[in-house]
Structures are given as C-alpha cells and as structure tokens.
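These values consider heavy atoms only, across backbone and side chains, with no hydrogens, waters or symmetry-generated copies. Each residue takes its place number in the sequence, starting with 1.
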Amino acid sequence: MTPSPSALRLPADVERTLSYWLAEPRFAVEREALQALVAAAEAGSTVALAEILDAYSQVLPIGTGGRRGKVGPGPNRLIR
C-alpha cells in the first residue's frame, strides 16, 4: 500500500507540497526514500514526522554563501 500524506494530518501547505513531490516525475529518484519516510511517520515515528515537517514547510533560503542545508528530498533540502 502506498503511504498517504493525508493520513498524517499535516498542515495543508505541507501536505500539498509533499503530495506534489510524491507525484512529480522529476522527483522519481527521491520518491523511494520519501515513501519510506511517510510510511515511518504513518507508523508513529515522531522523528519521521518532524523530518517531513522540516523538509516540506519552507523553501531552503539562499544566503551570502549560497544554499546550505541538509541533503534529501524536500524544498527545504539540497537535492543530490
């Protein structure tokens, strides 16, 4: 069964962005890791839920040193 962001009761903007990342073909490489993260959150992992909220709640800002942040899927991450 495919994990569903709606089951997590996320804020609407986070759920919308996460759903987009799960469906968008250009994010196919990240999809498997992202589905595992959503499944872990559905299973009750507060760490996975916190990661989703952090990764999908904002866009990684650009500073004077460029973009610096965690690597992984989500608009608040650097994509490999």
Taking side chain to side chain donor-acceptor pair (under 3.5 Å) as the definition, give me every residue that meets it alongside R9, ordered by chain and number, with sequence neighbours left out.
none

Side chain to side chain donor-acceptor pair (under 3.5 Å) against E51, all qualifying residues, sequence neighbours excluded
R77

What is the minimum heavy-atom distance between P75 and W21, and which atoms define it?
N-CZ2, 3.6 Å

Residues in side chain to side chain contact (heavy atoms under 4.5 Å, CB included) contact with [X], at least two apart in sequence or another chain:
| X | result |
| --- | --- |
| S57 | V14 |
| A40 | S45, A48 |
| E24 | Y20, R26, F27 |

From [X] atom [atom1] to [Y] atom [atom2], the distance as rounded to the nearest 0.5 Å:
| X | Y | atom1 | atom2 | value |
| --- | --- | --- | --- | --- |
| Q58 | T17 | CD | OG1 | 11.5 Å |
| Y56 | L37 | OH | CG | 7.5 Å |
| E15 | L8 | CD | CG | 8.0 Å |

